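Both backbone and side-chain heavy atoms feed into the values below; hydrogens, waters and symmetry mates do not. Here the structure is a predicted model, which means the values were calculated and not measured.
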Amino acid sequence: MLLLAIDTSANASAALLETTGAGVAVLGSFTSLVGNDHAEVLAPAIEALLQDAGAVRPDAVVVGVGPGPFTGLRVGLASAKTLAFVWDVALHGVMSLDAIALEAVATEPTGDFTVAIDARRKELYWARYHHDGLLADGPHVSLAEELPPLPTFGAGAGLYSERLAAIGATVVPGFDQAHPSAVSLGTSAARSLAAGRELLSTEPLYLRESDAKVPAVMKGKLL
Amino acid sequence: MSLSAPLVLGIESSCDETGVGIVRGTDLLVNAVASSMEEHVRFGGVIPEIASRAHLDAFVPTLEAALEEAGVKLADIDAIAVTSGPGLSGALMVGVAAAKSLALATGKPLYAINHLVAHVGVGVLDGGQLPEKLGALLVSGGHTEILQVNSLTDDVRLLGATIDDAAGEAYDKVARLLGLGYPGGPVIDALAKEGDPKAIRFPRGLTLPKFVGSAEEPGKHRHDFSFSGLKTAVARCVEQYQKRGEEVPVADIAASFQEAVVDVITSKAVRACKEHGIENLLLGGGVAANSRLRALLAARCASAGITLRVPPRELCTDNGAMVAALGAQLVAAGITPTGLGFSTDSGQPVSLISLAA
Ligand SMILES: [Zn+2]
């Protein structure tokens, strides 16, 4: 099955995978090096991936549903939803932190671990996983101090290594710059599907309200 | 494809309306709009994050509804057009991401077009090709501009614009001050009919000689607008009544505020037309529905010998049909499509009618 994976929870990222059961071959992948160019680069990258693979359309689309900064996240979701609609192919959501968890499992952790990425405003998006990569708890958004005292994977851990060390959580070397990648996201999705697990809908995991405040004058107070 | 009457699908997401419209040349086939307006009511104005979330939810259903209502298949479309700016950046990105994906998956050419020029382009759907010596007055919650339209597809100039709040924004803020709810335009317009527009003399922004100058030596803001001082003046006025323990004459304030807005907009628009050889004026934007603006503009245009054209209300507010209409004009004029590599431009100038490839 030809699978297009998209994740824009951090940098814009896309991958074209050929899957046979749990087996995954990467036909091509793209990751932007810039943080805020999602709307600009994602579509041309997907077009190039398909052209290079000589494919007109994939058989399914999977997309990272966050958590992640909202504006970039929506670019991936709007793209995936529209592509799947036009191509008339299956569409699945995957929690974006699962992509890093898949890479973490490859290091053979002995127990539970945490995946954390930057949530801005001095907070982290994070989730706790079992040693085999199954989600145990989350995702959440909070200060670093609220993470469990576990080995922590992901760029969010790199940002707050001292504060995490203070609560007994350690930053796993080699993972302190890790962002969710479409290759890992797609691989994780393919394995879940092969194992008969359900994937998510494409409902974004914002984890935060819009922050809009009702002005005093709207609450019935004049001036 | 028929170059003279191409089938174009237009996408709009620059503010709180998710619009998908389809036109064939100058014929409107469908104008599907989903609005998140209700979600902004309790805040008294458009909240960009709420608008962006709503665009993401609404896009595919709106697209599907538009295609079904028009009885059009994506395969039949000749080109796609999308608003790339100006507008709210996060909101624009949802429509642009969707439009790019639509173009990618269908293989159709994509035009990234200017929202303000699309407000002018929509005129072709109501009465066909636009006349020469054309100008446009655009008034909405997001913009207030006077444009000179030498050619819809390659020469549009900005003659004047607001230097602070948009007129519709001033209506919303004043409605909030007066406890009238959101959106402010319709409620103030209705209430103004019961009040005396001469009761209070509110300031007309940027009308002092130092800003206006003369036709020969125009001042820096001859054709520009400013509404933030007016909003402050209304707040002061309400405050005065409250301090004195008197009842606030809401209808008189609404009428006097509306008169100040409409007087300055129409007099500046007509002057700009006269000084730039504009004989035909098109009114666009959501505030085009305002009864006093329409009446005073019609009267002042008539006495200046200017022909006024006002498209139907649903084409004046933000919508996808206006984007499609301008897109069709660009296709017919042989303009090269933009392709997939562009960025949104929240401050896109009117001179950029469509982004270059
Ligand atoms: Zn508009």
Residue B:L63 versus chain A: region with a heavy atom under 4.5 Å: side chain
Proximal component of B:F59, with respect to chain A [non-hydrogen, under 4.5 Å]: side chain
Short side-chain donor-acceptor distance under 3.5 Å, B:E49 and A:S210: no
Atom pair CG (B:L104) and CZ (A:R57), whose distance is rounded to the nearest 0.5 Å: 11.5 Å
CD (A:E145) with more than 12 external heavy atoms under 6.0 Å: yes
Derivation of the side-chain contact (heavy atoms from CB on, under 4.5 Å) call for A:E40 and B:F342: CA-CA 5 Å; A:E40 187 181 343; B:F342 66 93; over 6 Å; no
Within 6.0 angstrom of A:R197 CZ, more than 12 heavy atoms from elsewhere: yes
Proximal component of B:V94, with respect to chain A [non-hydrogen, under 4.5 Å]: both
Portion of B:L74 that has a non-hydrogen atom of chain A nearer than 4.5 angstrom: side chain
Between A:L83, A:L50, A:I46, the one whose heavy-atom pairs under 4.5 Å with chain B are most numerous: A:L83
Minimum heavy-atom distance between A:T71 and B:G90, given as atom pair plus value: CG2-CA, 4.1 Å
Nearest atoms (heavy-atom pairs only) where B:L56 meets A:P204: CD2-CG, 4.0 Å
Separation of B:S343 OG from A:H38 NE2 (nearest 0.5 Å): 12.5 Å
A:E198, CD: over 12 other non-hydrogen atoms inside 6.0 angstrom: no
Heavy-atom neighbours of A:R191 CZ exceed 12 at 6.0 Å: no
Over all atoms of both residues, closest heavy-atom pair of A:A43 and B:K100: CB-CB, 3.6 Å
Approximate separation, where rounding is to 0.5 Å, of A:F70 CZ and B:R53 CZ: 4.5 Å
Proximity of residues 73-82 of chain A to chain B, residues having a non-hydrogen atom under 4.5 angstrom: A:R74, A:V75, A:L77, A:A78, A:S79, A:K81, A:T82
